[in-house]
Amino acid sequence: MVGGIIYEPGNTKQRYKTGGWRSFRPIVDPKKCTRCKICEGFCPETAITVTDYSHVDYDFCKGCGICANVCPFKAITMVEEEK
Ligand code: SF4
Ligand code: SF4
C-alpha cells in the first residue's frame with residue numbers, strides 16, 4: 001500500500017481551482033498594505049500577487065487564513081463567505 005506520497009508536489013494550481021473549498025475569504029485593506037510581500041511568500045496556493053498592494057486570486061484562494069496571520073500590518077481580514 002502507498003499512502004501519503006505526493007508524486008508531483010505543488011501541482012494544485014495547475015490542476016484545480018481550489019477557491020471552491022473556501023468558507024472564509026481574505027480581504028486586503030490597501031491603505032494598510034505596505035507591499036512587504038510576506039503574504040505572497042507564505043500563501044500555499046500562490047493566490048496572492050503584490051503589485052500596488054496585495055491582490056488575491058479568488059479562483060485559487062482556499063481561505064486558509066495564513067496570509068492574514070503572517071501580515072505584520074494587519075492589512076488582511078478573513079470574512080465569512082456568503083452562502
Ligand atoms: S503581508 Fe500584509 S503588508 Fe505585506 S504585502 Fe501582504 S498584505 Fe501587504
Ligand atoms: S487565505 Fe490567504 S494564504 Fe490562504 S490560500 Fe487564500 S490568499 Fe493564500
Side-chain angles (χ1 to χ4, degrees):
M1 178 181 164
V2 178
I5 296 175
I6 299 172
Y7 290 104
E8 299 171 66
N11 66 12
T12 57
K13 187 151 188 184
Q14 287 91 41
R15 295 190 183 185
Y16 308 109
K17 287 199 170 180
T18 43
W21 303 355
R22 197 176 52 241
S23 51
F24 285 86
R25 127 184 331 237
I27 303 291
V28 180
D29 182 344
K31 289 191 222 103
K32 290 185 181 173
C33 177
T34 63
R35 303 189 298 273
C36 70
K37 296 194 174 197
I38 291 175
C39 57
E40 195 179 81
F42 275 85
C43 176
E45 299 297 331
T46 59
I48 295 190
T49 309
V50 180
T51 52
D52 50 337
Y53 65 92
S54 181
H55 297 268
V56 178
D57 184 340
Y58 292 111
D59 280 344
F60 296 98
C61 166
K62 62 187 176 189
C64 66
I66 291 172
C67 55
N69 278 317
V70 298
C71 176
F73 302 98
K74 306 287 179 216
I76 303 176
T77 307
M78 299 302 291
V79 299
E80 198 166 355
E81 283 284 354
E82 292 177 12
K83 303 287 179 211

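Just so you know, these numbers come straight off a predicted model, no measurement behind them. In each ligand, atom 1 is the first atom listed, and ligand 1 is the first ligand listed. When reading the values below, keep in mind they use all heavy atoms of this one structure, side chains included, and skip hydrogens, waters and symmetry mates. All residue numbers refer to positions in the sequence shown, counting from 1.
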- Message: So is Pro44 touching ligand 2 or not, going by heavy atoms under 4.0 Å?
- Response: yes
- Message: With heavy-atom distances below 4.5 Å as the criterion, would you say the side chains of Cys64 and Glu45 are in contact?
- Response: no
- Item | Test log, rule side chain to side chain contact (heavy atoms under 4.5 Å, CB included), inputs Phe24 and Glu81 | CA-CA 5 Å; Phe24 285 86; Glu81 283 284 354; 5.8 Å; no
- Message: Considering non-hydrogen atoms of the protein only, which is the closest contact for atom 4 (Fe) of ligand 2, and what is the distance?
- Response: Cys64 SG, 2.3 Å
- Rounded distance (nearest 0.5 Å) linking atom NZ of Lys17 with atom CZ of Phe60: 5.5 Å
- Does ligand 1 have a heavy atom under 4.0 Å from the side chain of Arg35, from its backbone, from both, or from neither? backbone
- Mark up the atoms of ligand 2 that fall under 4.0 Å of a heavy atom belonging to Cys43, in ascending order. 3 (S), 5 (S), 7 (S), 8 (Fe)
- Of all protein heavy atoms, the one nearest atom 5 (S) of ligand 2 is Lys62 N, 3.4 Å
- Item | Shortest non-hydrogen contact from Ala75 toward Lys32 | CB-CB, 3.7 Å
- Query: Please walk me through it: do Asp29 and Thr77 pass side chain to side chain contact (heavy atoms under 4.5 Å, CB included)?
  - Reply: CA-CA 8 Å; Asp29 182 344; Thr77 307; over 6 Å; no
- What are the two closest heavy atoms between Ala68 and Met78, and how far apart are they? CB-CG, 3.9 Å
- Should you measure from each heavy atom of Lys37, which atoms of ligand 1 turn up under 4.0 Å away? 4 (Fe), 5 (S)
- Message: I need the atoms of ligand 2 closer than 4.0 Å to a non-hydrogen atom of Gly63, numbered in the order shown.
- Response: 1 (S), 6 (Fe)
- Item | Minimum non-hydrogen distance to atom 7 (S) of ligand 2, winning option of Asn69, Ile48, Ile66 | Ile48
- Task: Please report the shortest heavy-atom distance between Ile48 and Cys67, naming the atom on each side.
- Result: CD1-CB, 3.5 Å
- Message: My understanding is that we take every heavy atom of each candidate and find the minimum distance to atom 6 (Fe) of ligand 2. Doing that for Cys61, Gly65, Gly19, Pro26, which one comes out nearest?
- Response: Cys61
- Examine Val50 and Ile27 and state if one hydrophobic cluster contains both, with Ile, Leu, Val, Met, Phe, Trp and Tyr joined whenever side-chain heavy atoms are less than 4.5 Å apart. yes
- Item | Under 3.5 Å: donor-acceptor pair, side chain of Tyr58, backbone of Pro26 | yes
- Just the protein N/O/S atoms under 2.8 Å from atom 2 (Fe) of ligand 1, please, no waters. Cys71 SG
- Quick one: CD1 on Ile76 to SG on Cys33, what's the gap to the nearest 0.5 Å? 7.5 Å
